[in-house]
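Read the structure below first, then the notes.
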Amino acid sequence: MTDRKSTMSASDDTAGFVAEQWTRVTGVGVDPHEYRRVTDGLTSVADWGPVFLRTGREHLERAEDAGSPLSAGTHLLAAARWFHSATLAPYAEAARAAAAADDALGRALALLEPGARRVSGEGFTGWLRVPPAGPAGPVGRGGHGGRGGDAVGTVIVVPGLDSAKEEFLDLASALLARGLAVFAMDGPGQGVLAASSVLVPEYEEVVARVVDALGVPRVGLVGLSLGGYFAARAAALEPRVAAAAIVSGPFRLDWDELPPPLQDMVVRRTGGVDAAREFARHVDLAGLAPRITAPLLVVDGGQDVIPGVTNGEPLARSAPQGTHLSVPHGDHLLGNARPDWLPRLADHLARTLTGA
């Protein structure tokens with residue numbers, strides 16, 4: 001669903017909140033030493049958003065003064081990570097921070113990956129990135145060419161309840177390194193679209209529009225946190241999904257058992273209490289799991305325990321080609337255990353989509 005640590009309320013212990021966000025924020029790619037410097041002076045969780053937004057702006061200033069496009073792009077990526085991370089605690093300016101993250105990522109890719117292109121449509125927006133080298137020839141309508149190379153497969157990265165396309169840059173890098181194109185997206189109610197739309201359970205319709213826009217015959221999906229439900233649902237209902245991987249995704253939600261702060265977040269992202277209850281009612285993969293015929297890898301962390309959330313092992317067990325990877329020391333999104341699952345996940349998608 002979301003990081004179990006971010007279900008704390010603003011009245012909770014600030015030092016505890018900062019410590020508990022450690023693996024998620026550093027997993028996003030925020031420098032751990034800078035994180036400690038920035039958060040050491042926090043006296044309230046309410047200060048989290050403004051301080052993170054200010055730090056992102058400092059990286060924008062460094063990008064303006066940088067001596068090379070590489071340095072400027074690196075600072076812009078850092079700014080995108082800080083701006084996105086600003087939204088992980090309750091923050092009235094979250095929409096502004098999400099828009100700043102979106103803008104910084106676009107500016108970074110313009111400098112670092114000129115072959116990347118923005119792709120947007122009804123209910124989605126994101127960046128299609130291609131590996132720096134690969135076999136010649138177009139992939140799909142119009143090709144995915146960039147810097148002289150094309151990909152041999154395309155993976156769509158689906159975020160969750162409070163995550164966004166800026167959060168999973170390391171995952172994108174792992175996939176790009178294996179010759180795969182990556183479309184990191186925000187869907188309805190997510191990232192830069194959260195201010196203008198709400199979450200919808202019928203995410204397979206969004207994925208179908210994305211595949212149409214990309215012009216490819218088939219795709220792989222990676223879904224993270226609540227995005228795991230979205231990706232699994234799409235894998236069951238969209239025939240062009242040829243491979244899937246789920247990280248910390250819910251198999252089922254029990255609304256009445258969810259912690260109140262998490263309920264509040266779902267209410268905000270769906271547009272009201274009744275809509276939130278109805279959305280949670282849909283998050284049940286029992287009937288859909290047997291219809292996922294594509295190879296499926298489900299990754300869970302043994303330390304990821306949220307009341308009201310059934311983790312992914314039943315999904316892997318019920319899917320015809322499901323495999324379950326449990327990392328005993330992994331937390332939600334397994335930011336504290338990347339070597340234990342990220343290479344395997346990237347290899348799973350590369351092998352399935354390319355046959356290598």
Side-chain angles (χ1 to χ4, degrees), residues 1-12 17 20-21 24 45 87-91 94 123 158-164 167 186-191 193-207 223-237 246-292 298-319 331-333:
M1 278 294 297
T2 180
D3 192 319
R4 66 189 177 94
K5 303 153 187 176
S6 65
T7 62
M8 299 175 67
S9 70
S11 62
D12 288 316
F17 181 84
E20 290 168 339
Q21 292 295 328
R24 183 172 183 183
V45 175
T87 69
L88 300 183
Y91 183 34
V158 180
L161 177 61
D162 63 345
S163 53
E167 185 161 345
D186 293 332
Q190 298 172 318
L193 300 182
S196 59
S197 60
V198 296
L199 294 173
V200 297
E202 302 86 4
Y203 212 92
E204 72 280 2
E205 298 175 6
V206 182
V207 169
L224 300 110
S225 193
L226 182 62
Y229 163 73
F230 293 141
R233 182 180 172 112
L237 299 174
I246 308 301
V247 180
S248 296
F251 179 76
R252 182 183 293 113
L253 295 183
D254 182 340
W255 173 261
D256 293 329
E257 297 296 323
L258 294 177
L262 184 52
Q263 289 183 344
D264 292 343
M265 188 180 299
V266 180
V267 168
R268 291 196 300 271
R269 295 284 178 145
T270 57
V273 175
D274 291 342
R277 287 182 174 274
E278 180 65 14
F279 179 87
R281 186 183 66 80
H282 279 87
V283 183
D284 186 340
L285 292 169
L288 291 174
R291 300 175 61 178
I292 302 174
V298 178
V299 182
D300 281 326
Q303 303 303 309
D304 181 15
V305 180
I306 306 174
V309 180
T310 301
N311 288 346
E313 192 275 335
L315 172 63
R317 186 174 63 246
S318 302
D331 57 13
H332 190 73
L333 293 174

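Quantities reported herein were computed from a predicted structural model and do not represent experimental measurements. All values below come from the heavy atoms of this structure, side chains included, with hydrogens, waters and symmetry mates left out.
Ala234 and Glu204 get closest at one heavy-atom pair: CA-CB, 3.7 Å. Counting all heavy atoms, side chain and backbone alike, Phe230 lies closest to Val200 at CE2-O, 3.3 Å. Of all the heavy atoms in Gly191 and Ala164, the pair that sits closest is CA-CB, 3.6 Å. Taking every heavy atom of both residues into account, Ala89 and Phe17 meet most closely at CB-CZ, 3.7 Å.
Using a 4.0 Å cut-off between charged side-chain N and carboxylate O, Arg277 and Asp256 make a salt bridge.
In this structure, Gln190 contributes its side chain and Pro159 its backbone to a donor-acceptor pair below 3.5 Å. Between the side chain of Tyr203 and the backbone N or O of Tyr229 there is no donor-acceptor pair closer than 3.5 Å. Within the 3.5 Å criterion, the main-chain N or O of Gly312 finds a donor-acceptor partner in the side chain of Asp300. In this structure, the side chain of Ser225 does not engage the main chain of Gly249 through any donor-acceptor pair within 3.5 Å. In this structure, the side chain of Arg269 does not engage the main chain of Leu199 through any donor-acceptor pair within 3.5 Å.
At least one side-chain heavy atom of Asp162 sits under 4.5 Å from a side-chain heavy atom of Leu88. Side-chain atoms of Pro188 and Glu202, non-hydrogen and from C-beta on, never get closer than 4.5 Å to each other. Inter-residue side-chain proximity for Arg317 and Phe251 is flagged as unmet; no heavy-atom pair is nearer than 4.5 Å. A heavy-atom distance below 4.5 Å is found between the side chains of Leu333 and Glu167. Taking 4.5 Å as the limit, some side-chain heavy atom of Val266 sits within range of a side-chain heavy atom of Trp255. Val298 places none of its side-chain heavy atoms less than 4.5 Å from the side chain of Glu313. Looking at heavy atoms from C-beta onward, Pro250 lies in side-chain contact with Leu226 at the 4.5 angstrom threshold. Residues Val309 and Asp304 are not in side-chain contact: their nearest non-hydrogen atoms beyond the backbone lie 4.5 Å or more apart.
Taking CD1 of Ile306 as the start and CG of Asn311 as the end, the distance is 7.0 Å to the nearest 0.5 Å. Atom CD1 in Ile246 sits 8.0 Å away from atom CG in Leu224 (nearest 0.5 Å). Between Arg233 atom CZ and Glu205 atom CD the span is 8.0 Å, to the nearest 0.5 Å.
Screening Asp284, Ile292, Leu285 for a side chain to side chain contact (heavy atoms under 4.5 Å, CB included) with Leu288, the sole residue that qualifies is Leu285.
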